[in-house]
2 protein chains.
Amino acid sequence: MNKHEKISPAVIRRLPKYYRYLGELNKVGINKTSSRELSEMTGFSASQIRQDLNNFGGFGQQGFGYDVGNLRNEIGKILGLDKKYKIIIVGAGNIGQAIANYTGFYEADYEVVALFDKNPKLKGFSIKDALILDSDNMEEFLKNEHIDIAVICTPKSVSQQVAEQLVRCGIKAIWNFAPKDLKMPEGVYVENVHLNESLFSLTYYYNKMKKESE
Amino acid sequence: MNKHEKISPAVIRRLPKYYRYLGELNKVGINKTSSRELSEMTGFSASQIRQDLNNFGGFGQQGFGYDVGNLRNEIGKILGLDKKYKIIIVGAGNIGQAIANYTGFYEADYEVVALFDKNPKLKGFSIKDALILDSDNMEEFLKNEHIDIAVICTPKSVSQQVAEQLVRCGIKAIWNFAPKDLKMPEGVYVENVHLNESLFSLTYYYNKMKKESE
DNA sequence: TAGATTGTTAATCGATTAACAATC
DNA sequence: TAGATTGTTAATCGATTAACAATC
């Protein structure tokens, strides 16, 4: 039986934040914390934090609190950060290159093994240790290498088509930066980073504040 | 009185999606739609869509549906996409440059007017029409130019400090790409794009699917 | 008019918060 | 032991869904 079966997405979205703050505590040598303390750091209520953690088991000690290193480890295991992941990036334009260069993923073991692009001018260049290859070779590449996660950084006009190609090659996890929703079969998980939606939402609140302060 | 006062963030997050799909309908010349049709496109329930829209007023016609162009316009106005926004980007590394180059914002009138970076090697280069300037000149720059939105693409180690500097210069809207939460005073809105949290969440669901298919 | 679809109220569902017994 | 804080149940709150009258 899978214990995590009915965990709500809202809970899962909060886990990385706990993980991050526990990492910060760890770094400065603090090895004991409490839901109240985590509440102050994260802005979530202490009650909510306890509820969240107890979805996965009792990581704390009554009357005492949580062991920072242990709790961080446990959350890491829940998220799967104790494993290695191989990534390809499809579309080696601005965003694709930025992701390939991004160093913010160091906490876990993600490795970008290749980028793919249609533009022949990019062919042969590499970012960090990842070569930029021709899109035409992608299917062949995916037959020979096990890839966990594919990142879509193509123009939105081809994103659906690229996604379908990836799925045909066995990809089950897609990180989608193209501003378009992908229609995917069951068993493929898509995580969207829709920058325009994020900016539009920011714009709304910016205007709202302006109006209120008038 | 501000009609939008009590609108929940969940509603606001859905508006850009409606806006996008209405734009697509518009582009192919369809000028009439319904909550049922929008439901099929967006995946949100028809009931929810009607609820969402009625937070802002009756944009539809009973027995008929919604006029695509009109509804899109109205949502655009709610989000503030009918106005112009001047943007600066702080941190002209990979992410900062990618944002400056990003063309996905075309639907509204956002203009990146400058980037700022500490690295003297980047000084004088420009991306599209935006010059990369020295961070030391940022405060002076902000005194002379009215900027609506500042994008933080610095390393996380300096993001808080940069944000405080921006706020001192009158910035009220921050789009934060540094993987750290900003502590800001009332009246400053921060929209976070925490790529690591997004990737960790993807990782969780990827593993969950793998376990389930075993 | 009959059919369709909105706008809106009521019902349901799920997530958050409060409370407190268990226990370190 | 007394104080603190978890784990967990119950209460509350808010968001989503269902239902239907209004009306084009």
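So that the names make sense, note that chain A is the first sequence line, chain B the second, and so on, each numbered from 1.
- Secondary-structure annotation of DNA chain D gives the stems C:3-24 with D:3-24, with a stem taken as at least 3 successive Watson-Crick or G-U pairs whose two distances both fall under 3.5 Å.
- Of the side-chain N and O atoms in B:Y66, none sit less than 4.0 angstrom from OP1 or OP2 of C:dA4.
- Counting only N and O atoms by type, the side chains of A:Y102 and B:N196 include no donor and acceptor under 3.5 Å apart.
- In this structure, the side chain of A:Y85 does not engage the main chain of A:V112 through any donor-acceptor pair within 3.5 Å.
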Short heteroatom pairs, N/O only, protein and nucleotides 21-24 of chain D, under 3.5 Å:
| residue | atom | partner | partner atom | Å |
| --- | --- | --- | --- | --- |
| D:dA22 | N3 | B:Q62 | NE2 | 3.3 |
| D:dT23 | O4' | B:Q62 | OE1 | 2.7 |
| D:dC24 | O4' | B:Q62 | O | 3.0 |
| D:dC24 | O3' | B:Q61 | NE2 | 2.6 |

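- The side chain to side chain donor-acceptor pair (under 3.5 Å) check on A:T154 picks up nothing, with sequence neighbours excluded.
- Between B:K183 and B:E164 no salt bridge is recorded (no basic side-chain N to carboxylate O distance below 4.0 Å).
- Remark: the backbone N or O of A:N101 is paired with a side-chain donor or acceptor of A:K128 at under 3.5 angstrom.
- Looking at residues 31-48 of chain B, you'll see B:K32, B:S34, B:S35 sit with a heavy atom under 4.0 Å from some atom of DNA chain C.
- The cationic atom of B:K32 (NZ for Lys, CZ for Arg) lies less than 6.0 Å from the six-membered ring centre of B:F64 and within 45° of the ring axis.
- Note on B:R50: a side-chain N or O is less than 4.0 Å away from OP1 or OP2 of C:dT6.
- Between A:D52 atom CG and D:dG7 atom P the separation is 12 Å, expressed in whole Å.
- With values rounded to the nearest 0.5 angstrom, B:Y189 atom OH is found 10.0 Å from A:Y204 atom OH.
- As a whole-Å value, the separation of B:N55 CG from C:dT9 C1' is 14 Å.
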Mind listing the N/O atom pairs, protein and nucleotides 10-13 of chain D, below 3.5 Å?
none

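- Rounded to whole angstrom, the span from the CG atom of A:L53 across to the P atom of C:dT16 amounts to 13 Å.
- When rounded to the nearest whole Å, the span between CG of A:L71 and C1' of D:dT5 equals 14 Å.
- For C:dT16, one of the phosphate oxygens OP1 or OP2 lies less than 4.0 angstrom from a side-chain nitrogen or oxygen of A:R14.
- For the pair A:K84 and A:E111, the minimum side-chain heavy-atom distance is 4.5 Å or more.
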### Query
When you look at A:D67 and A:R72, which way does the salt bridge (Lys or Arg N to Asp or Glu O under 4.0 Å) test go after all the steps?
CA-CA 8 Å; A:D67 179 272; A:R72 181 160 183 275; over 6 Å; no

#### Entry: Evaluation steps, salt bridge (Lys or Arg N to Asp or Glu O under 4.0 Å), between B:K208 and B:E212
CA-CA 6 Å; B:K208 185 164 176 283; B:E212 280 167 4; 3.2 Å; yes

Counting only pairs under 3.5 Å, give me each side-chain donor-acceptor contact of residues 35-43 of chain B, with atom names and distances, residues two or more places apart or in other chains.
| residue | atom | partner | partner atom | Å |
| --- | --- | --- | --- | --- |
| B:S35 | OG | B:R50 | NH1 | 3.0 |
| B:R36 | NH1 | B:E40 | OE2 | 3.3 |
| B:E37 | OE1 | B:T33 | OG1 | 2.7 |
| B:S39 | OG | B:F44 | O | 2.7 |
| B:T42 | OG1 | B:L38 | O | 2.8 |
| B:T42 | OG1 | B:F44 | N | 3.2 |

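- When the P atom of C:dT6 is taken as reference, atom CG of B:N54 falls 10 Å away, rounded to whole Å.
- One can place CG of B:D67 at 13 Å from P of C:dT6, the figure rounded to the nearest angstrom.
- Distance alone, capped at 3.5 Å, is enough to place a donor-acceptor pair between the B:D117 side chain and the B:A92 backbone.
- Remark: C1' of C:dA15 and CD1 of A:I12 are 14 Å apart, rounded to the nearest angstrom.
- Classification of A:E191 and A:K172 as a salt-bridged pair fails, no side-chain N sitting under 4.0 Å from a carboxylate O.
- Within the model, atoms CD1 of A:I12 and CD1 of A:I78 stand 7.5 Å from one another, a figure rounded to the nearest 0.5 Å.
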